J.: 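What follows is a single structure, and I will ask about it in a moment.
For the numbers below, each heavy atom of this structure counts, side chains included, while hydrogens, waters and symmetry mates do not. Since this is a predicted model, take the numbers as computed values, not measurements.
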Amino acid sequence: MLTLTCPYCGVAADETELHPGGEAHLARSGPDSADADFESYLFLRKNPRGVHFERWRHSHGCGKWFHAARDTRTMQVWGTYPAQVTEPPQDLLAAIADRTA
């Protein structure tokens with residue numbers, strides 16, 4: 001079972017207490033964007049085999065959204081971090097690079 005630790009309240013919650021929100025760090029298209037840009041934002045998603053950055057909501061806890069780095073092959077969780085950042089923390093990226101190299 002997948003267990004993620006909420007970076008806000010510190011609770012280690014299993015997947016039944018969480019709600020998935022898809023891929024993290026998407027660049028949203030504004031109202032003046034081209035149709036192709038909006039189509040890309042709305043429909044095109046990465047589906048990697050390996051490390052993937054995802055959005056999750058602690059729905060049966062504090063209710064806040066956060067991001068998680070997870071390996072889609074092994075279900076290993078590399079870490080979680082607040083949703084208000086625009087890219088994964090450097091220490092998390094370094095840990096992933098060290099372990100996957």
Side-chain angles (χ1 to χ4, degrees):
M1 180 171 287
L2 180 64
T3 302
L4 300 173
T5 302
C6 178
Y8 297 104
C9 63
V11 172
D14 66 45
E15 60 191 302
T16 62
E17 300 177 43
L18 304 167
H19 182 78
E23 185 178 340
H25 308 292
L26 293 175
R28 290 180 167 77
S29 299
D32 296 333
S33 64
D35 288 345
D37 294 336
F38 185 69
E39 176 189 26
S40 175
Y41 162 71
L42 197 59
F43 297 112
L44 301 180
R45 295 289 183 264
K46 296 176 185 171
N47 189 17
R49 183 174 184 202
V51 178
H52 186 52
F53 297 92
E54 306 167 323
R55 292 172 30 101
W56 289 87
R57 183 173 178 262
H58 193 186
S59 55
H60 291 283
C62 65
K64 294 186 177 182
W65 286 94
F66 63 92
H67 292 162
R70 178 178 68 88
D71 191 310
T72 59
R73 292 170 296 178
T74 63
M75 297 293 282
Q76 177 183 0
V77 176
W78 291 97
T80 59
Y81 53 99
Q84 286 75 21
V85 299
T86 57
E87 59 187 35
Q90 290 300 319
D91 59 336
L92 180 60
L93 292 174
I96 293 169
D98 289 346
R99 297 294 298 266
T100 58

J.: Enumerate the side chain to side chain donor-acceptor pair (under 3.5 Å) contacts for residues 38-50, please, sequence neighbours excluded, ordered by first and then second residue.
T.: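 Pairs touching residues 38-50 that pass the test: Arg28-Tyr41.
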
J.: What closest approach, in Å, do Ala69 and Ile96 show between heavy atoms, and which atom pair accounts for it?
T.: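 Smallest heavy-atom distance, with atoms named: CB-CD1, 4.1 Å.
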
J.: Taking all non-hydrogen atoms of both residues, which atom of Ser59 and which atom of Leu18 are closest, and how far apart?
T.: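 Heavy atoms only, the tightest pair is OG-C, 3.7 Å.
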
J.: If I compare all heavy atoms of Val85 with all of Pro82, which pair ends up nearest, and what's the gap?
T.: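 In this case the closest contact between Val85 and Pro82 is CG2-O, 3.3 Å.
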
J.: Just to verify, what does Arg70 make a salt bridge (charged side-chain N to carboxylate O under 4.0 Å, His left out) with, not counting sequence neighbours?
T.: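 With neighbours one apart ignored, the set is Glu54.
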
J.: What's the separation between atom CG in Asp14 and atom CE in Met1, rounded to the nearest 0.5 Å?
T.: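 CE of Met1 is found 5.0 Å from CG of Asp14.
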
J.: Rounded at 0.5 Å granularity, tell me how far CD in Gln76 sits from CG in Leu2.
T.: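 Output value for this atom pair is 11.5 Å.
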
J.: Answer yes if Leu26 and Phe43 sit in the same cluster of Ile, Leu, Val, Met, Phe, Trp and Tyr residues linked by side chain heavy atoms under 4.5 Å apart, and no otherwise.
T.: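 Looking at the clustering, Phe43 is in the same group as Leu26.
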
J.: Roughly how far apart are Asp98 CG and Leu93 CG, rounded to 0.5 Å?
T.: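 Answer rounded to 0.5 Å: 11.0 Å.
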
J.: Quick one: ring pair (Phe, Tyr, Trp, His ring centres under 6.0 Å) pairs with a partner in residues 55-83, sequence neighbours left out?
T.: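 Matches after skipping sequence neighbours: His25-His67, His25-Tyr81, His67-Tyr81.
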
J.: For the residue pair Ser33 and Ser29, what are the closest heavy atoms and their distance?
T.: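 The answer is OG-CB, 3.4 Å.
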
J.: Got a donor-acceptor contact below 3.5 angstrom from the Thr80 side chain to the Thr5 backbone?
T.: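 Side chain of Thr80 to backbone of Thr5, a donor-acceptor pair under 3.5 Å: yes, one is there.
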
J.: Report the C-alpha separation of Val77 and Thr3 in whole Å, then their side-chain angles, then the decisive distance to 0.1 Å, and conclude whether the side chain to side chain contact (heavy atoms under 4.5 Å, CB included) test is met.
T.: CA-CA 8 Å; Val77 176; Thr3 302; over 6 Å; no

J.: Could you state the interatomic distance from CD (Glu17) to CZ (Arg57), rounded to the nearest 0.5 Å?
T.: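 Answer for the CD-CZ pair, Glu17 versus Arg57, is 13.0 Å.
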
